[in-house]
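Let me begin by presenting the structure, written as structure tokens, before commenting on it.
Throughout, a chain's letter reflects where its sequence line sits, starting with A, and its residues are numbered from 1. Everything quoted here is computed from the prediction, not taken from an experiment. For the numbers below, each heavy atom of this structure counts, side chains included, while hydrogens, waters and symmetry mates do not.
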Amino acid sequence: MLLSCRWFSIEYWYLDSKPTENMIHFVLLISRQGKVRLTKWYSPYSQKERTKVIRELSGVILSRGPKLCNFVEWRGYKVVYKRYASLYFCMCIDQDDNELEVLEIIHHYVEILDRYFGSVCELDLIFNFHKAYYILDELLIAGELQESSKKTVARLIAAQDSLVESAKEQASSISNIIAQATK
Amino acid sequence: MEQLKTIGRELAMGSQGGFGQSKEFLDLVKSIGEARSKAEEDRIVLSEIETLKRRIVEPDIPRRKMKEYIIRLVYVEMLGHDASFGYIHAVKMTHNDNLLLKRTGYLAVTLFLNEDHDLIILIVNTIQKDLKSDNYLIVCAALNVVCKLINEETIPAVLPQVVELLGHSKEAVRKKAIMALHRFYQKSPSSVSHLVSNFRKRLCDNDPGVMGATLCPLFDLITIDVNSYKDLVVSFVSILKQIAERRLPKSYDYHQMPAPFIQIKLLKILALLGSGDKQASEHMYTVVGDIFRKCDSSSNIGNAVLYECISCVSAIYPNAKLLEAAADVIARFLKSDSHNLKYMGIDALGRLIKLSPEVAEQHQLAVIDCLEDPDDTLKRKTFELLYKMTKSSNVEVIVDRMIDYMININDNHYKTEIASRCVELAEQFAPSNHWFIQTMNRVFEHAGDLVKSKVAHNLMRLIAEGFGRRMILQIVESYLRIIGEPKLPSLFLQVICWVLGEYGTADGKFSASYVTGKLCDVADAYSNDEIVKSYAVTALMKLFVFEIAAGRKVDILPECQSLIEELSASHSTDLQQRVYELQAIIGLDAHAVECILPSDASCEDIEIDKNLSFLNDYVQQSLEKGAQPYIPESERSGMLDISNFRSQDQHEASTHGLREVQQAATVPSSSDTGSSEVKLRLDGVQKKWGRPTYSSSAASTSNSSSQNTVYEVTPVDGSSNVNSKAREASYDLKKTQVEISPEKQKLAASLFGGTSKSERRASSTGHKVPKGSSHVLKSTAGSTTDVLVEKTTPVQPPPDLLDLGEPTIKDGPSSVDPFKQLEELLDPTQLGSSANPGIVGSTSAPDIMQLYSDKPASGQSGGFMYPSSSNRSDDNLVSGLANATTDSAHNITAAAHPSQFSKGPNLKDSLEKDALVRQMGVTHQVKIPTYLKIC
């Protein structure tokens, strides 16, 4: 009994762990050397599963030649990836989603990053991955594309930044005052 | 150089001072970046974790420092390490009033926590507060978290506020509120079912972003319940129209396309709404047609929208013009150099093929190119397409290809999928039992551990029910050959053991000691696989019983004796039981064993008394003796008592026929049901024999005469008594034909050739296929000709028919009603890929004609085939050239021509080779029918 169901219990854990249907299951940014630059999981995965997914996918994607499809079929899902310089942007979607659209969502994200950082490069993302997360949160929510206007996203991020800046100034001035007062 | 750049960036950042990270953090990131190996990276991260663990609990950490620690935690977690010790600090940070810290805290918790994490309860309060904030950015941040972390239990806590935010003055907030409600709906549809009207309302929001976001939940809602949203068709169409007419703000343009992402979402929704609904679909035709025209096919996003249009067109009620437009786009995708577009083209073809199967014919070469592409993704997609277009005429080629591919991959997930597809196709379309068995053997041999056990049971059933003696002998022979191979999958061994037990000695070709020896070897070699051993033991028992029944002396081999002794002390009660039964039965006389295990009776029905009323007396007696009453399944805890019950029952049932019970007992142990053991014990008998769906097909091939029917389609000469040798030869030839790596042309013909013809043939012969075995081919040929004659002028001389390739196909759809609309569509596209349909049409047409006319005169073919085939190739070449010229006259894309010309000689080669092969001997004639049949 155990023998015959052995395969299914191992192989389908992804399916079991996915209670809801969102369009994008996760976003991965991997460098050409296989280093993780950003991960965002819209479907629940345990830390162990995440490591496994990243290992498997980077093995598959990094070894693919330049002229092949930007899509990989993987465990009943599809992973759409695109390489920008030394960085691979990957998104995992369902079998019947529109791959070209997802490819453009990736590009959309990259364009927004580019506008934000001013000709973005991998290092920007390495050191400011949290910024990349904030931007991603304005673009995708719960695995769905929430905003397709670059301008709107940029405006929102700018508003947040300015607010953060002013809050920071405030905070630092207050802490200065406190520091001086306590001296 | 890298380092210099790093330093440069760092300096730049330092001067900006905007991001406020400490040197320490930058060093960490840098050292990770420079790590040469995963191990080095892990070491750095682990020491970082230690540092953070120590630092984060220090008292009075400045806020900025704390924020950085949290970001460092995020970093550690991102790299795949466990930062759970810091989760609580991230949660604490969300409580902070400072927006900067709050935002960091929120970011961290969305990355750290899953919706079922215990800490979420500590955030809900903060979220509630933040949703009420005056600052819309705080509200946005809170809504982001809501989307990620609110679970079924906490929905009620935030729901009223989220609903309120739907009317917020800021569009960013409204948008996120919609997404949050959508999330709630996904998590627990009942919690927001009363709020569904809000989605409809938001569809009319002034802000396109909010409207676009509203499409996400509407898409989900419509997927589940189409009918309640039919009234929105007009709204969706008008929105789509406005977008296509560029009435949306410029900021939604993307690469010169007006709001393409919203267009795609709308097209997806329209596809759902228009599916099978003529009225709704009619509203959509104009706008979808507009989009087809307006889409910029040079950009990727334009193609994404086009692809979605095709999906939509193939989902809604068919419209000739739109299908034509879709076919054009597919043609462009497939001809493109981009692998992505080819992939999408194949996918789109798979969608459209349901509506207009002949579209595939135009692209057969492109499809075959994709099948042979080095890109695995493209290859798999093409297999998916082939799977969709499989029918009895091309199943052999497709399944053989699939299995060849399956053997060479390591990806178990895909292997399982493709194996089950092979099995499915073989079950559905198998042209002959022999082919079916061979295919199953291959699938089992290479992916036996990945297919479901039900498949194996089906196979056993088919062998028992559907095959004649001779066939079974062949199977036994093949199994005895295969059984020696190392490392066979368990499931396959089960089938082998069962078949050998049932039929191993049936024909007297193999002695019992030979077969039992093999079975003992199996039990020995797979000593840790109890199921296989069980099957082997049962098989041994059957063999011994048949020996006894036949009045021969049973001589038990020494290894067999030692196996029996070993297993009688086995830890597995099931195995033990079997061995004891074996020993008991061997001691009985011939008459008794014949009652217990009659020969070849595995498919005889057994009356099953599900109430087990025959046990009543026994139960009553036992109860009177003070036995425990039966405990219903629901109140039972362990499985142990069940097996006790089972063995008891087995003895009882043995009066009925131990053999069947034996098998029944095997089933639960090998299938993965695991539930309701007690019931399975008897129901298993039926279950073993697999899906009911299969029984019908097996029934049709169950007796040996109908088996011949299927079989003798192959020989062409029409002689009524084809001996088995010819059959065997035909198979071998078929096999070699596949192994001679078929050239593209041939493959194309075998994959696509039958498309339109088989359709017609099916419709015309369906009612008049004679039962007589040898007439099958004749009748098929006859009816096809009938159809041809119908199409063309009544007195059509054969020479004209030779050129008929195109007209035949062109006319084909017009006679078949559903494809009538496609008539006009076919003309231009036909030219693009004329070479092949031409061949296909003309190869089959003249063959059939000639066969038909020649058959009465010459009992043997082979002689006349050669001239006809050489004719064929010439004619086709000419027509191919002619077509090419018309092409250029029509000024259709030049790219198509070279490829067509280059196919020319290929085609000639392959056809000449064919002809040669045929010329070589009479036996080769069997090849023609295969070809013909496929065509």
Side-chain angles (χ1 to χ4, degrees), chain A residues 1 3-5 7-8 11 20-22 35-36 38-40 44 47 50-51 54 67-73 75-76 98-101 103-105 107-108 123-124 126-131 133-134 137 141-142 144-152 156 159-160 163-165 167-168 171 175, chain B residues 5-6 9 13 19 26 29 33 63 71 74-75 78-80 82 98-100 103 107 114 137 144 147-148 172 175-176 179 183 186-187 209 212-213 216 251-252 254 259 261-262 264 300-301 303-304 307-308 339-340 343-344 375 377-378 380 412-413 449-450 453 490 531 669-672 674:
Chain A
M1 202 178 301
L3 281 171
S4 54
C5 55
W7 291 97
F8 297 98
E11 296 299 321
T20 51
E21 280 297 315
N22 24 358
K35 284 183 179 151
V36 179
L38 192 103
T39 58
K40 180 92 185 175
Q47 189 67 273
R50 291 176 182 186
T51 318
I54 294 170
K67 281 201 167 168
L68 306 181
C69 288
N70 289 82
F71 326 125
V72 179
E73 309 218 349
R75 295 192 178 280
N98 184 337
E99 293 90 342
L100 287 179
E101 182 197 6
L103 204 55
E104 286 311 294
I105 292 178
H107 191 70
H108 188 46
L123 281 170
D124 291 317
I126 295 174
F127 288 105
N128 297 293
F129 59 89
H130 57 295
K131 299 273 174 188
Y133 275 124
Y134 288 135
D137 278 345
I141 212 165
E144 300 275 359
L145 183 70
Q146 62 158 330
E147 183 57 69
S148 60
S149 158
K150 250 177 282 184
K151 214 170 170 182
T152 313
L156 264 171
Q160 284 170 9
L163 229 140
V164 167
E165 287 297 321
K168 199 157 57 185
S175 61
Chain B
K5 257 196 256 166
T6 317
R9 278 271 163 180
M13 260 180 290
F19 304 124
L26 295 179
V29 175
R63 288 162 164 184
I71 289 184
V74 171
Y75 190 64
M78 191 174 87
L79 293 177
D82 179 41
N98 181 320
L99 177 64
L100 175 69
R103 197 166 159 236
L107 175 69
N114 269 335
L137 290 173
N144 273 347
C147 287
K148 168 79 182 167
K175 188 176 65 193
K176 283 186 199 280
M179 298 305 270
R183 195 73 188 145
Q186 285 179 331
K187 298 233 187 271
C216 298
S251 68
Y252 281 87
Y254 178 85
F261 296 107
I262 300 179
I264 289 173
N300 199 20
I301 189 69
N303 289 324
Y307 167 80
E308 209 55 60
H339 272 78
N340 285 349
Y343 177 95
M344 299 312 273
D375 187 348
T377 309
L378 197 52
R380 289 182 186 189
N412 272 344
H413 187 274
D449 281 327
L450 301 172
S453 50
S490 168
I531 299 173
S669 60
S670 63
S671 71
D672 49 5

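- Both the backbone and the side chain of A:E101 come within less than 4.5 Å of a heavy atom in chain B.
- You'll find the side chain of A:H130 stays beyond 4.5 Å of the side chain of B:V74, heavy atoms only.
- Here SG of B:C147 is found 10.5 Å from CD of A:E144. Values are rounded to the nearest 0.5 Å.
- Proximity to chain A involves both the backbone and the side chain of B:N340, based on heavy atoms less than 4.5 angstrom apart.
- Contact detail for A:C69 and B:D375: the closest heavy-atom pair is N-OD2, 2.7 Å.
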Output, in order, the C-alpha distance, side-chain angles, deciding distance and verdict of side-chain contact (heavy atoms from CB on, under 4.5 Å) for B:L79 and A:T39.
CA-CA 9 Å; B:L79 293 177; A:T39 58; over 6 Å; no

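- Considering every non-hydrogen atom in both A:L156 and B:A172, the closest pair reads CD1-CB, 3.7 Å.
- Shown here for A:R75 and B:H413, the closest heavy-atom pair between the two residues is C-CE1, 3.0 Å.
- Considering every non-hydrogen atom in both A:N98 and B:A304, the closest pair reads ND2-O, 3.1 Å.
- Ranked by heavy-atom pairs under 4.5 Å with chain B, the first of A:I126, A:L68, A:L38, A:L103 is A:L68.
- For B:Y343, the ring pair (Phe, Tyr, Trp, His ring centres under 6.0 Å) test picks out A:F71, with sequence neighbours left out.
- Between A:H108 and B:F261, the ring-plane angle classifies as tilted under the 30° and 60° cut-offs.
- Per-residue heavy-atom pair counts under 4.5 Å with chain B were compared for A:I141, A:I105, A:T51, A:L145, and the maximum is reached by A:I141.
- Heavy atoms closer than 4.5 Å to chain A are found in the side chain of B:I264, but not in its backbone.
- Contact count versus chain A (heavy atoms, under 4.5 Å) is highest, among B:T377, B:N303, B:I262, for B:T377.
- B:H339 is linked by a ring pair (Phe, Tyr, Trp, His ring centres under 6.0 Å) to nothing, counting only residues two or more places apart in sequence or in another chain.
- By number of non-hydrogen pairs under 4.5 angstrom with chain B, the leading residue of A:R50, A:E99, A:K151, A:K67 is A:E99.
- Per-residue counts of heavy-atom pairs under 4.5 Å with chain A were compared for B:R380, B:E308, B:K148, B:M344; the largest is that of B:M344.
- We find the OH-CD1 distance between A:Y133 and B:I71 to be 11.0 Å, quoted to the nearest 0.5 Å.
- Contact annotation for B:M78: both backbone and side-chain heavy atoms come within less than 4.5 Å of a heavy atom of chain A.
- By number of non-hydrogen pairs under 4.5 angstrom with chain B, the leading residue of A:D137, A:V72, A:I54 is A:D137.
- Judged purely by distance below 3.5 Å, without hydrogens or angles, the side chains of A:E104 and B:N300 pair a donor atom with an acceptor atom.
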